[in-house]
Amino acid sequence: MIDLRLLRRDPAGVKAAIARRGEDTGPLDRVLEADARQREAAEARDRVRNEIKTISREVGGLHKEGKADQASDLQERSRALGVEEVALAAESDALLAEIADILLRVPNVPADQCPDGADQSDNVVVRVEGYDKGGYSDHQRVPHWEVGEELGILDVERGAKLSGSMFVMYTGGGATLCRALVQYGLDRNADAYREMRPPTLVRTETMTSTGHLPKFADDAYHLERDDLWAIPTAEVPLTSLARDEILEEADLPMKLMAHTSCFRREAGSAGRDTRGLLRVHEFDKVELLAYTTPDQAAEVHADILARAEAAILDLGLAYRILDLCAGDLGNSSARTFDIEVYAPGADQWLEVSSVSWFSDYQARRANVRYRPAGEKGTAVVHTLNGSGLAVPRVWAAVVETHRQPDGTVAVPEPLRPYMRGAAAIG
RNA sequence: GGAGAGGUGGCCGAGUCCGGUUGAAGGCGCUCCCCUGCUAAGGGAGUAAGGGCCCAAAAGCUCUUCGUGGGUUCAAAUCCCACCCUCUCCGCCA
């Protein structure tokens, strides 16, 4: 969540920043108002509590001296104060709850460098690599769901039979390609990112820390009986790893990666991009994530972007990088670069990585802090993450881009070691 | 699933039966200082987090926190209730 003290100190600035997203700033005014009243109530409550504690100490003293009989006036007075205390505390608590309730739904403040804009059409194209509009041959213009069926490497129908539409099954060489992509995604980042394998079912608090709850509950699978949520990305468990912990500055930046399944209900997008692998409910992904100091954030952001980009480049795929405008920015993010891969068969740009800097928004929710070296006290860390490799869409782009005139799919060089040396699928 | 034990500060661990100035003994770790050819050992001091007030800042004042939530009381780490979690043994199991 955003920093309440920052909002207090610079209400106009914060409101202007939130407004860049096209968000209503009314809730912020309500927070400011409730906050002022809350502090007043809490102050009054604390004064009463102080008095009660003083009296209790006096009563204790009298008991020790064997003059317990002289304590009744004090006890009477304290009892009366107790009634006051309860009322003031209730007022303060109610206001606190109201503030938290609103603040948990207020998105992050966009970074200054984040471009202006209302929606996805205003995103800034930073660069396009490997895309040659007229340079694709007919054999590359076959959508992957057709290639998949033709070669027997993707079974959309049986996926639907097992689990419903937008669940897919990879078969044979297609399944191997999935696994190859995952291992490729992990191994190339193992020099700097520590491999983790977190649980895929998590508690409500864990989903709340990253900003996926309460606002986006409809997008996630929820197991009612056990009150567990299926993670939509490894970002969720990895960001909560250090929840309520204080890290040493020497341990930062802390760079982690994880391969997990990811589950998304895609509630708002029924009927859109449903063909093949364009949008699926369950998929595999290698996520890169880091905890940093504020000073380290920019460099690590660039590092994750460079790694995600290189993974696509090395597979011989065309892609472009977008600097998301304020209006299209994800709820928790302060700045995001999207990597979109070009799939010539489907003739679409597919988002394969969102490389985001969350500033202290998630870390404040998760209460992850660090001890700045040489200073006293603690500070909130920054979190960043991005997909190192998201399987289905990359799978689609590989299959379409590298489809040969004979209908087989050439395996990009770097994947071959993970494909039992195979140079082609089909 | 059955039975039992337990959740206290960065860690270990007292305190809980018999409520009172205990944010909490002791130890470890860490920081600084002293001492010592170096190191080790030794001596001394310090060492939780969060909120609010004040403030240029520092300092200071104050409240909260002994798993969580509620209750009893002038006063709760200590008493009562509910819940959560962890561990051990048995059973089952990849």
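Per chain, numbering begins at 1; letters A, B, ... match sequence-line order.
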Picking from B:G51, B:U64, B:C74, which would you name as closest to the side chain of A:R49?
B:U64
Between A:L4 and A:R57, name the one whose nearest nucleotide on RNA chain B is closer to the 5' end.
A:R57
Would you find more than 12 non-hydrogen atoms of other residues, nucleotides or ligands less than 6.0 Å from A:R158 atom CZ?
no
What distance, rounded to whole Å, do you find between the two P atoms, one in B:G6 and one in B:C80?
14 Å
Within a 6.0 Å radius of atom CD on A:E149, are there more than 12 heavy atoms belonging to other residues, nucleotides or ligands?
no
Could you state the atom-to-atom distance from CD of A:E58 to P of B:G20 in whole Å?
18 Å
Considering only atom C1', compute the distance from B:A3 to B:G50 and round it to an integer number of Å.
40 Å
When the P atoms of B:G71 and B:C18 are compared, how many Å lie between them, rounded to an integer?
24 Å
Would you indicate whether A:E299, at its atom CD, is surrounded by more than 12 heavy atoms from other residues, nucleotides or ligands within a distance under 6.0 Å?
no
What closest approach, in Å, do A:G211 and A:N331 show between heavy atoms, and which atom pair accounts for it?
O-ND2, 4.2 Å
Please measure how far the C1' atom in B:U78 lies from the corresponding atom in B:U86, and state the result in whole Å.
22 Å
Pairs meeting criterion ring pair (Phe, Tyr, Trp, His ring centres under 6.0 Å) with involvement of residues 146-181 of chain A, two or more places apart
A:F167-A:H281, A:Y170-A:W395
What's the spacing between A:R203 CZ and A:T208 OG1 if we round to 0.5 Å?
12.0 Å
For a quick test of reading the model: is some side-chain N or O of A:K53 closer than 4.0 Å to OP1 or OP2 of B:U73?
no
So which nucleotide from B:C63, B:G51, B:A49 ends up closest to the side chain of A:R5?
B:G51
Rounded distance (Å) that lies between atom P of B:C85 and atom CG of A:D227
11 Å
So A:T378, base contact, sugar-phosphate only, or nothing? Heavy-atom distance under 4.0 Å.
sugar-phosphate
In whole angstroms, how far is the C1' atom of B:U73 from the CG atom of A:L74?
15 Å
How far does the C1' atom of B:C83 sit from the matching atom of B:C28, given to the nearest Å?
34 Å
note: A:I55, atom CD1; B:A75, atom P; distance rounded to Å ~ 10 Å
Mind checking if A:S78 touches a base, just sugar-phosphate, or nothing, with heavy atoms under 4.0 Å?
sugar-phosphate
Within the 4.0 Å heavy-atom criterion, would you say A:G82 contacts the bases, only the backbone, or no part of the nucleic acid?
nothing
Would you say B:C74 has OP1 or OP2 under 4.0 Å from some side-chain N or O of A:R79?
yes
Counting heavy atoms from C-beta on, name the nucleotide in B:C53, B:C63, B:C85 closest to the side chain of A:E43.
B:C53
What's the gap between B:U22 and B:G4 when it is taken at their P atoms, as a whole Å value?
38 Å
If you compare every side-chain N and O of A:R369 against the phosphate oxygens of B:G50 (OP1, OP2), does one of them come in below 4.0 Å?
yes
Residue pair A:I246/A:E76 against RNA chain B: nearer the 5' end by closest nucleotide is A:I246
Around atom CD of A:E157, are there more than 12 heavy atoms from other residues, nucleotides or ligands closer than 6.0 Å?
no
To the nearest Å, give me how far apart CD (A:E245) and C1' (B:C11) are.
14 Å
Could you list the residues that satisfy ring-ring contact (aromatic ring centres under 6.0 Å, His included) with A:F216, not counting sequence neighbours?
none
For B:A49, take OP1 and OP2 only and decide whether either is under 4.0 Å from a side-chain N or O of A:R371.
yes
Spacing of A:D244 atom CG relative to B:U68 atom P, expressed in whole Å
11 Å
In whole Å, I'd like the distance from the CG atom of A:L81 to the C1' atom of B:C74.
10 Å
Determine the Euclidean distance between corresponding P atoms of B:A77 and B:G7; express it in Å to zero decimal places.
16 Å
Watson-Crick and G-U pairing of RNA chain B, under 3.5 Å, as dot-bracket with | and [ ]
((((((((.[[[..)....(.....]]]((((((.......))))))((((((......)))))).[[[[[..)....]]]]])))))))....
Within the pair A:R39 and B:C53, is there a side-chain N or O less than 4.0 Å away from OP1 or OP2?
yes
Between atom NE2 in A:H63 and atom P in B:U21, what is the gap in whole Å?
13 Å
For residues A:I18 and A:L28, determine if any side-chain heavy atom of one lies less than 4.5 Å from a side-chain heavy atom of the other.
yes
Minimum-distance nucleotide to A:N50 side chain [options: B:U64, B:U62, B:G52]:
B:U62
B:G67 and B:U8: how far apart are their P atoms, nearest whole angstrom?
7 Å
